[in-house]
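Convention: sequence-line order gives letters A, B, ...; per-chain numbering from 1.
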Amino acid sequence: MSIIKALKLTHEYIHRDDEGNVDSIETALDGVDLDIAEGDFIAILGHNGSGKSTLAKHMNVILSPSDGTMWVDGKDTKDEDKLWEIRQTAGMVFQNPDNQIIAGIVEEDVGFGPENIGVPTSEIWTRVDNALAAVHMEKYRNHSPNKLSGGQKQRVAIAGVIAMRPKCIILDEPTAMLDPVGRQEVIETITELNKKEGVTVILITHYMEEVVNADKVFVMDHGKIVMQGTPREIFSDIKTLKEHHLDVPQVTLLAHELKEAGLNIPDGVLTEEELLHILCQLS
Amino acid sequence: MSIIVNHVDFVYSEGTNTSQHALKDVNLQIKDGEFLGIIGHTGSGKSTLIQHLNGLLKPASGEIYYNGRDINDKDFSRKELRSKVGLVFQYPEYQLFETTIFEDVCFGPKNQGLAPKDAGLRAFEALRNVKLPKELYYQSPFELSGGQKRRVAIAGVLAMKPEVLILDEPTAGLDPQGRDEILEELARLHREQNMTIILVSHSMEDVAKYVDRLIVMDDGRVAYDGTPREVFKHYEELKKMGLSAPQVTYLMHDLKKRGFDVDEDATTVAEARDTILAYLGKSR
């Protein structure tokens with residue numbers, strides 16, 4: 001069952017001059033076909049300006065197609081009557097946690113979404129309890145968000161989305177501003193949500209090592225999907241990735257260089273454990 | 001010629017119930033021409049420390065010396081200090097404001113009192129230094145890509161001809177190529193112009209590859225100070241401080257535990273590759 005599906009999805013940003021005349025048209029998405037199965041962990045890679053964020057914004061109707069069609073859980077995003085249903089189906093987490101937290105206390109921030117759509121009070125608290133438990137932030141429920149670390153704030157933002165009971169969470173560079181442990185906390189949290197709760201995760205990131213456990217990776221360039229496959233397939237092709245201004249995890253690069261130097265190592269080694277195992281067998 | 005941080009303490013909102021002791025007895029000497037990295041978890045005091053170096057914050061106690069003079073002395077010109085110690089903030093592209101890229105980069109040198117012509121020459125040199133294509137100079141800065149905008153913002157600081165360039169996470173949010181381009185530029189400025197560079201970063205792989213000396217901040221204190229190899233030896237302690245080591249460091253330590261006679265302190269791909277090849281070459 002597909003949760004997100006796009007057919008020839010096109011988005012044009014139209015720049016206008018001071019008189020309102022069309023100055024230039026920038027095609028940010030150029031005929032994207034996409035089919036994401038419910039329950040998958042999907043990663044989207046691409047350089048700055050490749051169209052990743054524009055695509056993400058179509059998934060919860062912050063943007064609407066210039067051409068082509070986008071369906072979220074079977075609903076056409078051009079159907080204005082379905083707008084709120086779609087936004088509850090597909091929740092979004094952005095880069096900067098400080099821009100997403102509005103309340104003075106963690107539990108109120110998490111409860112803001114459900115309250116806004118008229119969930120009865122008793123159920124709001126159940127949802128807040130469950131959401132905070134899912135991101136392991138129960139201990140901080142009465143804290144002020146501005147005293148939390150970056151990783152903790154971002155987990156509160158994720159809890160705020162979970163409280164809306166979405167089938168799908170889209171995260172647009174959620175770890176760009178975090179320190180290493182904060183980054184790890186966020187990745188572990190969304191991996192657990194995906195595995196335990198079956199929530200579809202769509203992760204946009206510039207950190208290559210964050211996508212090695214994804215079910216599928218899409219690479220975007222010039223508004224098109226230019227590569228797709230498992231992390232192993234994608235990271236086997238270092239040359240093409242570099243052409244798209246991307247990179248591979250440090251361990252993958254090391255394995256590749258050892259292979260080039262003549263060692264019997266396969267392409268697309270993804271993790272430290274894997275390379276360790278291979279090297280132990282070689283010696 | 002150097003920067004000396006001598007027993008510096010700093011407290012935010014001192015005397016209130018929200019006061020926060022952000023720097024605790026920090027001592028450092030930064031020599032001319034060093035490429036220094038600063039790492040630390042969110043809230044460890046990194047940004048507070050670098051804001052002391054160009055006088056944006058004043059120590060609660062202790063002193064900062066720039067070339068032997070206390071920067072917080074009454075007769076020390078703050079304006080002069082800030083043109084010698086340039087600071088590039090996080091997400092500096094949000095501070096671009098002029099109608100053209102060229103004008104934006106001219107703003108700093110003009111503000112230093114340079115004639116428009118001299119400021120213009122400085123701007124050309126700075127834009128050349130960050131490798132921005134010439135055909136873009138007279139365009140609006142707001143139409144550039146994220147990586148290009150950030151390079152313009154860095155050029156704005158370079159145009160003031162600083163002796164020391166401090167950058168607070170200059171690669172956050174950039175794609176891998178944009179990140180590599182900026183770091184290569186910094187390495188070149190360091191190499192060719194002997195500029196002192198202080199780089200605050202959350203990327204352990206980047207600092208391992210580029211800096212000569214690495215400082216780890218934890219809870220307002222300097223926890224470690226040494227070469228990346230020396231600092232990343234403490235990868236287990238770093239984890240407790242909210243940090244990590246480069247991926248290859250973990251691999252090298254695990255190989256060593258399995259009986260591989262390799263250099264377990266390798267922190268870059270090149271170092272790891274060479275030591276693994278040397279070992280396997282010998283054992284076969």
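- Contact annotation for A:Glu272: both backbone and side-chain heavy atoms come within less than 4.5 Å of a heavy atom of chain B.
- Around the OH atom of B:Tyr224, the shell of radius 6.0 Å holds more than 12 heavy atoms that belong to other residues, nucleotides or ligands.
- With chain A as the partner, the residue from B:Leu238, B:Leu255, B:Leu174, B:Asp180 showing the most heavy-atom pairs under 4.5 Å is B:Leu174.
- The heavy-atom pair separating A:Gln250 from B:Thr267 by the smallest distance is NE2-O, 3.5 Å.
- When heavy atoms are compared at a cutoff of 4.5 Å, B:Gln90 approaches chain A solely by way of its side chain, counted from C-beta outward.
- Contacts between A:Glu273 and chain B at a heavy-atom distance below 4.5 Å are absent for every atom of the residue.
- With 3.5 Å as the limit, one finds a donor-acceptor pair spanning the side chains of A:Gln184 and B:Lys239.
- Other residues, nucleotides and ligands contribute at most 12 non-hydrogen atoms within 6.0 Å of the NE2 atom of A:His277.
- Closest of all the heavy-atom pairs between B:Ser244 and A:Pro180 is OG-CB, 3.4 Å.
- Ranked by non-hydrogen atom pairs under 4.5 Å with chain B, the options A:Asp179, A:Val181, A:Thr175 are led by A:Asp179.
- Neither the backbone nor the side chain of B:Ile39 comes within contact range of chain A, judged by heavy atoms closer than 4.5 Å.
- Using a 4.5 Å cut-off between heavy atoms, B:Arg258 touches chain A through its side chain atoms alone.
- Scanning both residues, B:Tyr91 and A:Ala176, for their nearest heavy atoms gives OH-CB, 4.4 Å.
- Note: A:His206 leads A:His206, A:Met208, A:Lys242 in heavy-atom pairs under 4.5 Å with chain B.
- By the neighbour-count criterion of 12 heavy atoms within 6.0 Å, atom CG of A:Asn264 is sparsely surrounded, having that number or fewer from other residues, nucleotides or ligands.
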Taking it one step at a time, do A:Leu45 and B:Asp175 satisfy side-chain contact (heavy atoms from CB on, under 4.5 Å)? CA-CA 9 Å; A:Leu45 303 176; B:Asp175 60 55; over 6 Å; no
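- Once rounded to the nearest 0.5 Å, the distance linking CG of A:Leu241 with CD of B:Gln177 reads 12.0 Å.
- The part of A:Leu178 that comes within reach of chain B is its backbone (N, CA, C, O), which places non-hydrogen atoms under 4.5 angstrom from that chain.
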After noting the C-alpha distance and the side-chain angles of A:Leu254 and B:Ile276, does the key distance pass the side-chain contact (heavy atoms from CB on, under 4.5 Å) rule? CA-CA 10 Å; A:Leu254 175 61; B:Ile276 291 172; 4.2 Å; yes
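- Residue B:Thr268 touches chain A through its backbone alone, counting heavy-atom pairs closer than 4.5 Å.
- Counting heavy atoms from C-beta outward, B:Arg179 and A:Asp247 have side chains that approach closer than 4.5 Å.
- Among B:Gly178, B:Ser44, B:Gly173, the residue with the largest count of heavy-atom pairs under 4.5 Å with chain A is B:Gly173.
- For a residue to count as touching a neighbouring chain, one of its non-hydrogen atoms must lie under 4.5 Å from one of that chain's; by this rule A:Glu173 touches chain B with the side chain only.
- Counting only heavy atoms from C-beta outward, the side chains of A:His245 and B:Pro176 never approach each other to under 4.5 Å.
- The environment of B:Lys24 atom NZ is dense: over 12 non-hydrogen atoms of other residues, nucleotides or ligands sit within 6.0 angstrom.
- Expressed to the nearest 0.5 Å, how far CG of A:Leu282 lies from CZ of B:Phe260 amounts to 7.5 Å.
- Note: A:His47 leads A:Glu26, A:Arg183, A:His47 in heavy-atom pairs under 4.5 Å with chain B.
- Other residues, nucleotides and ligands place no more than 12 heavy atoms under 6.0 Å from the CG atom of A:Asn213.
- B:Met241 does not touch chain A: none of its heavy atoms, backbone or side chain, sits under 4.5 Å away.
- Side-chain contact between B:Val269 and A:Val251: absent, with no pair of heavy atoms (C-beta onward) separated by less than 4.5 Å.
- The neighbour count for A:His222 NE2, taken as heavy atoms of other residues, nucleotides or ligands under 6.0 Å away, does not exceed 12.
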